[in-house]
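Structure record follows, encoded as structure tokens.
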There are 2 protein chains.
Amino acid sequence: MDLNERKKKILHSIINEYIKSAEPIGSRHVAKNLDIGLSSATIRNEMADLEEMGYLEQPHTSAGRIPSDKGYRLYVDSLMNHHEMTVSDLASLGNVIELQMGQIDKIIKRAAEVLSQLTNYTAVLTTPEMKRGAIKTVELVPIDASSALIILVTGEGVMKHKRVLLPAGTDITFVHNFSALLREKLSGLTLDEITAAKISEIRRAMQAHFELLFPVLDFIADIIDDVRAETEVYTSGATNMLAYPEYSDVRQAKEFLDFLNDKNSVVKMLQADSAEGSIPGSGGINIRIGKENELDVMQKSSIITANYYVGDQVMGKVGIIGPTRMDYPKTIAKLQRVSALLNRILYEFYIDED
Amino acid sequence: MDLNERKKKILHSIINEYIKSAEPIGSRHVAKNLDIGLSSATIRNEMADLEEMGYLEQPHTSAGRIPSDKGYRLYVDSLMNHHEMTVSDLASLGNVIELQMGQIDKIIKRAAEVLSQLTNYTAVLTTPEMKRGAIKTVELVPIDASSALIILVTGEGVMKHKRVLLPAGTDITFVHNFSALLREKLSGLTLDEITAAKISEIRRAMQAHFELLFPVLDFIADIIDDVRAETEVYTSGATNMLAYPEYSDVRQAKEFLDFLNDKNSVVKMLQADSAEGSIPGSGGINIRIGKENELDVMQKSSIITANYYVGDQVMGKVGIIGPTRMDYPKTIAKLQRVSALLNRILYEFYIDED
DNA sequence: TGTTAGCACTCTATCTCGTTGAGTGCTAAT
DNA sequence: ATTAGCACTCAACGAGATAGAGTGCTAACA
């Protein structure tokens, strides 16, 4: 039994219908409302075949059919029509650009909001892993007589700060000199290069009279560790999912929301995209459908991810989570648009000011 | 008909039971399991009285009674036993203290987490309104040839930063001088004092050769507006509510969660505590029960709020949201403990480093 | 040989209806 | 004033009965 054109067309129609209604689709419905030109009996036979081949399943004997994960897989890989965003959707994207002057994490956060509003699903973004990022500047800013602020800025525009106590009676000029020396020693290094050994080396290389401020070096090591380890996760529209019948059970809804609140799980999920899921020629779009995802909470959901870049370096992941019957074509189009927009904004943000 | 001691005792017992079970309480249950020493028939009469007086209600004719909002009100005002935290609860509070070295918003965030874990309800905290806060320091830190970071630190330890573009070819020493001048002009002023007029005044007072950097002043005005307007809201344990039968309907759950996501609504709610709700001698604890709250989403919930301070200045609000049948005594005890702890930590953080 | 009409069959969803049991209110006895 | 007793009410539950959507199969048809 082979998957001929007619079978594909029927499958395609069924999936489209199911995406809209979330109700099992019967042969009669296909024959009447969809433009196939066959009787319900014929459709019935074809549907039986499609079920045998694993593309459809039946919730129970006398219900219609719903697509299986395998069915969706075929759908996203070769069946579905690709989609262009509508004018009104595009218009609402304009707002994102206005944030160009803000900081990088605000832009990313905003992108998550836009995506979730645009799609009515849940958007998830991760900020870049900074291992290979370079330090742009380090500054020690005195706040008052007894404390100062360490500020670290990376090439990607990420900023991190920490307050440190100064030994009593430290002279301000002294702090400034130390700050200048720090900057000289550290700027340009990538975060990977700043190991404990490197810190010790700097400590030795400094003149002895900075000894008073040596504890500050430890704080700098801390803060760099923070930046290095830190992958922030922004989620938006988590509650959108509660509007879909798939999540009408509160307990499952809770599980899903708790999962989204757990940063580590989300990062892990976003980074785990599989080779099987990547859509050729889509610019790095990756889709995992239902059980293709190992996580229990995701068995009824799908996730579509994309990378975003500055220049040619991957900065992070954008993902959209929806029920398995989510509207793949539209969602993919929106995801592509937003990630492209994000690329452009970050590029301008990053390159222009370089 | 008056509310004698026996009626009070019965009401007290019923409310305690209902808080545990979330099921209507019948006269038989009260007579058997609770230590009153009266027959179910007598209890029945008393319960009928209590209903007539408005302290109890009946979901339907042949169900038991549940407390009304008025019943809860009486309960929290004069019936309930006050509660001490258990040893194990206290032990888990120890962890909060370790964050002393972190920044103020991390501490506040952590406090929300601790509270929600401790109570199994939803914790909400607001950060202070900064109108009367003073500026501790302002710094303009060059990042590269074309951009710099404005950094603003207030007396409360809040830090805010923004990246600005510099005119091409700006000299670094020049930036430093400008930065020093800024600091001199602005530090010590409260945020309220820095009006548009004040900014113009500073602009005029500066030597003309800083003209190039005048646009930076506008950014400073922006950033100060941000700090002034900004009341951050931290929420923790939002999904805890989904475990209670009161929220078993997904639609209501969604409404509640959406409400929590809306910063403005939450701030408004936290600030709207009423005179009727404040518990005398409890150190500023305020309770609003069910319909005492105007908000639709809160009709089935109660909120207990407290203020927290640095020294004698109110910094913000802590609130715990639960179903109306929440365990008031325990929750109040925990809220008091955590806000006291918060006060102490902030006091140390703020005063020690001053 | 592929398509279709027809029909018996299956299974869920929904409704009704009786039953159960928890709880009440009232009355009469203590 | 309290309590035992009893009739009454009502939600919850389960057992049929019914409707209807949808299927699979067979036989007729082009």
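Residue numbering restarts at 1 for every chain, and letters A, B, ... go by the order of the sequence lines.
Atom CG of B/N45 and atom C1' of D/dG5 are 14 Å apart (whole Å). As rounded to whole Å, 16 Å separates atom C1' of C/dT24 from atom CD1 of B/I66. The distance between atom CD1 of A/I43 and atom P of C/dG6, rounded to the nearest whole Å, is 17 Å. Following rounding to the nearest Å, B/D49 (CG) and D/dA1 (C1') show an atom-to-atom distance of 13 Å. Rounded to whole Å, atom P of C/dT4 lies 15 Å from atom CE of A/M47. For the pair B/R44 CZ and D/dA4 P, the interatomic distance rounds to 10 Å; values are reported in whole Å. Per the geometry, CG belonging to B/L56 stands 14 Å off P belonging to C/dG23, to the nearest Å. A straight line from CD1 of B/I36 to P of D/dT2 spans 13 Å, rounded to a whole angstrom.
Of the residues in residues 242-249 of chain B, not one comes within less than 4.0 Å of DNA chain C through any heavy atom. For residues 6-31 of chain B, proximity to DNA chain C is found at B/G26, B/S27, defined as any non-hydrogen atom under 4.0 angstrom from a strand atom.
Residues B/L270 and B/I303 are in side-chain contact: their nearest non-hydrogen atoms beyond the backbone lie under 4.5 Å apart. With a 4.5 Å cut-off on side-chain heavy atoms, A/K330 and A/D89 do not count as touching.
Put simply, the side chain of B/T122 gets close to the backbone of B/G237: a donor and an acceptor are under 3.5 Å apart. Panel note: side chain A/K291, backbone A/D69; no donor-acceptor pair is recorded below 3.5 Å.
Counting only residues at least two apart or on different chains, the salt bridge (Lys or Arg N to Asp or Glu O under 4.0 Å) pairs with a member in residues 48-67 of chain A are A/K7-A/D49, A/E51-A/R65. Among residue pairs with one or both ends in residues 31-76 of chain A, those qualifying as ring-ring contact (aromatic ring centres under 6.0 Å, His included) are A/H12-A/Y75, A/Y72-A/Y328; sequence neighbours excluded. The salt bridge (Lys or Arg N to Asp or Glu O under 4.0 Å) pairs that include a residue from residues 237-252 of chain B are B/E246-B/R325, where partners are two or more places apart or lie in different chains.
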What N/O pairs connect the protein and nucleotides 16-19 of chain C at under 3.5 Å? Give each pair on its own line.
none

What nitrogen or oxygen pairs link the protein and nucleotides 10-14 of chain C at under 3.5 Å?
| unit_1 | atom_1 | unit_2 | atom_2 | d |
| --- | --- | --- | --- | --- |
| C/dT10 | O2 | A/S62 | OG | 3.4 |
| C/dC11 | O2 | A/S62 | OG | 3.0 |

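Within the structure, a side-chain polar atom (N or O) of B/R65 is placed less than 4.0 Å from OP1 or OP2 of C/dG25.
Not counting sequence neighbours, A/K70 has no partner by the salt bridge (Lys or Arg N to Asp or Glu O under 4.0 Å) test. Under the salt bridge (Lys or Arg N to Asp or Glu O under 4.0 Å) criterion, A/E113 pairs with A/R110, sequence neighbours left out. Take B/T324 and apply the side chain to side chain donor-acceptor pair (under 3.5 Å) test, not counting sequence neighbours, and it matches no residue. When the salt bridge (Lys or Arg N to Asp or Glu O under 4.0 Å) test is applied to A/R44, no partner is found at least two apart in sequence or on another chain. For B/R288, the salt bridge (Lys or Arg N to Asp or Glu O under 4.0 Å) test picks out no residue, with sequence neighbours left out.
Backbone-only contact: A/A63 has heavy atoms under 4.0 Å from sugar-phosphate atoms and none from a base.
The OG atom of B/S116 sits 11.5 Å away from atom CE of B/M241, with the distance rounded to the nearest 0.5 Å. Here the CE-OG distance, from A/M326 to A/S301, works out to 9.0 Å after rounding to the nearest 0.5 Å.
Remark on DNA chain D: of its neighbouring residues B/S40 and B/P59, the 5'-side contact belongs to B/S40, judged by nearest-heavy-atom nucleotide.
Closest to the B/L38 side chain, of the nucleotides C/dT4, D/dG24, D/dT3, is D/dT3.
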